[in-house]
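Treat the numbers as computed from the prediction; the structure is a model and nothing was measured. A note on names: the letters A, B, ... follow the listed sequences, proteins ahead of strands, and every chain is numbered from 1.
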Amino acid sequence: MSNEKASDVIGKRREKIAELKADGVNLFPNDFAADHTIGVIKDKIENEPDSLSEDGPRFSVAGRMMAINKFGKSSFIRFRDRTGQLQAYIRKDRVGSETYSLFKRLDVGDFVGMKGVMFTTKTGEWTLLASELKLLCKAVRPLPEKFHGLKDPEKRYRHRYLDLIMNNSTRDIFIKRSRIVQAIRNVLLNRDFLEVETPMMQPIPGGAEATPFITHHNVLGMDLYLRIAPELYLKRLVVGGFDRVFEINRNFRNEGVSTRHNPEFTMLEFYQAYATFKDLITLTQEMFREVSQEVTGSTSVEFQGNTIDFGGPWRCMPLLESLQEIGGVDSGLLNDREGLLGFASSKGITITKTDRIGKIITKLFDILVEPKLIQPTFITGYPVEVSPLSRRSDKNPDITERFELFIAGYEIANGFSELNDPEDQRDRFLQQVAEREAGNPEAHFMDEDYITALEYGMPPTAGEGIGIDRLTMLLTDSASIREVILFPHMKPADKGIH
RNA sequence: GGGCCGUUAACUCAGUUGGUAGAGUAUCUGCCUUUUAAGCAGAGAGUCGCGCGUUCGAGUCGCGCACGGCCCA
């Protein structure tokens, strides 16, 4: 690398490491048996207080040193493993003068393994009295400052490992994220759903209106698209007899990066045969309550100054009604395309002139209503023209049996009774193809094989997608999607940060 | 795409009207066997994001660029 200019601190550290090597110290051994975790040791003392004694059990434990208080012939260290943090007391007369003089050459950030008994210090802190100590891994670079830690968001994202070492809150977010996914999985497995994996590389990208990433398969000599949604594959599986399926995996959309968009993001999609969108509205509420309870211990959460209550039942409102009641759109305008265009421009909202009325309505909704939907709210009654995969309402063929879920101003979920009439589906695709030819790069492609699958018969089905990143933002009170994605996309930093 | 803000030592941050670059932590040296952001004494450490300009002189003023943050579209 070009940035190997040795700074003072790192340069000195490298010199010290060279000396340790020259003295025959193995800086990267892997022969220490860490038989106990810090968590196990603490549990043991909780349950058997006699363990806190020089006659008590001898523990073998390893971790990264996070702080060192060196005295002349004894030292305290704080070290950490995946289960927590513990103090150890290293005395020259216990570990021997040879080990102690090696220890004095170690640094914060190094990994050590220790064996010893537990005791209580004068200040009452449980502490490992080490009788053996072994260097397990030498750190070349110093950790950030112990009190202020690592704050610079750019460095936190680019060097997430440092963020995880230094900031417990970051660790907690990603532990919670893992638990959220596990809790969702349990909700669905408990309801007899089958977890599946469908292609990430698709010859025809489908299931959403979005711009895909394109890649190329050399041997097959063909372009493939990173998927924008798994929907059309999951519904093929319903055709195949998997009546209840779900997938939790990445989608890719070739669009901007912001506090609420990352080009790759994680989506749950699930499909249930013999169910309607109304069943999914019920299931969604159950899922959110179970997941929130499991992960946060409560069915209400604090998010950016608002208390979000997942207790039910949640508000449910037709799209047009929400535009009138919340968006302040006069009811007379809702069927008046020209009137809506005028209204939009009076609000400073730019609308493409070729947009059809359904699209104009959803754009107005995005700006006038969505930010105001703080408590969980299902919006229903989406126009057919913006819902090319949804079943039509039996009462009104212009709208679909569809809902979107909004919480804290975020679109969190999208679900509907599935369109399983192959002829209608073909017409909808054709309409999309026409839109694409008219210049909408996000319109669907024709997918003949999907039509063929529907022609074999898909039972009446309802399906839904839930954004896992945004759900994690809600449950961890994170204002930016980058806080809940371990390695968010960043432009390359061609210099500077090393 | 637009606006505002940020970028100074490994980290967190000061830096006045333009006049030799500062602190704490970390590091190094010495002392110290119950510390908790340990303590005491001393030392070293900088391409002030990058480039151009104004000026006798730029971390500081101007223009451009890069990266990041927040807001708007």
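- Ring planes of A/Tyr161 and A/His159: perpendicular class, angle over 60° (limits at 30 and 60°).
- Contact annotation for A/Lys122: base contact, defined as any heavy-atom pair under 4.0 Å involving a base atom.
- Aromatic pair A/Tyr382/A/Phe277: ring centres not closer than 6.0 Å.
- Consecutive pairing runs in RNA chain B reach the stem threshold at B:1-7 with B:66-72, B:10-13 with B:22-25, B:27-31 with B:39-43, B:49-53 with B:61-65, where a stem means at least three Watson-Crick or G-U wobble pairs with distances under 3.5 Å.
- Applying the ring pair (Phe, Tyr, Trp, His ring centres under 6.0 Å) test to residues at least two apart or on different chains, the pairs with a partner in residues 11-55 of chain A are A/His36-A/Phe59.
- For RNA chain B, the neighbouring residues in residues 473-486 of chain A, judged by any heavy atom under 4.0 Å, are A/Ser480, A/Arg482.
- Of the inter-residue distances, the one linking A/Thr472 atom OG1 with A/Lys176 atom NZ reads 10.5 Å to the nearest 0.5 angstrom.
- Within the nucleic acid shown, A/Gly149 comes within 4.0 Å of sugar-phosphate atoms alone, with no base atom in reach, counting heavy atoms only.
- Evaluation of the side chain to side chain donor-acceptor pair (under 3.5 Å) test over residues 109-120 of chain A, restricted to residues two or more places apart or in two chains, returns A/Asp110-A/Lys138.
- Residues A/Leu128 and A/Phe119 share a closest heavy-atom pair of C-CE2, 4.3 Å.
- Comparing B/G46 with B/U8, their P atoms are spaced 15 Å from each other, to the whole Å.
- Listed by residue number, A/Gln87, A/Tyr89, A/Arg91, A/Asp93 are the residues of residues 84-93 of chain A with a heavy-atom contact under 4.0 Å to RNA chain B.
- Considering every non-hydrogen atom in both A/Ser298 and A/Ser292, the closest pair reads O-OG, 2.5 Å.
- The base of B/U34 is not paired with the side chain of A/Ser74 by any donor and acceptor separated by under 3.5 Å.
- Among residues at least two apart or in separate chains, there is no side chain to side chain donor-acceptor pair (under 3.5 Å) pair with a member in residues 318-344 of chain A.
- Checked by atom type and distance alone, the side chain of A/Lys42 pairs as donor or acceptor with a backbone atom of A/Gln85 at under 3.5 Å.
- With respect to A/Lys359 and A/Glu442, no salt bridge is recorded, no charged nitrogen being found less than 4.0 Å from a carboxylate O.
- In this structure, the CZ atom of A/Arg158 is 12 Å from the C1' atom of B/G69, given to the nearest Å.
- For A/Lys491, counting side-chain heavy atoms from C-beta on, the closest listed nucleotide (B/C67, B/G24, B/C28) is B/C67.
- Between A/Phe71 and B/C32, no base-stacking contact is recorded for ring centres under 5.5 Å apart and planes less than 30° from parallel.
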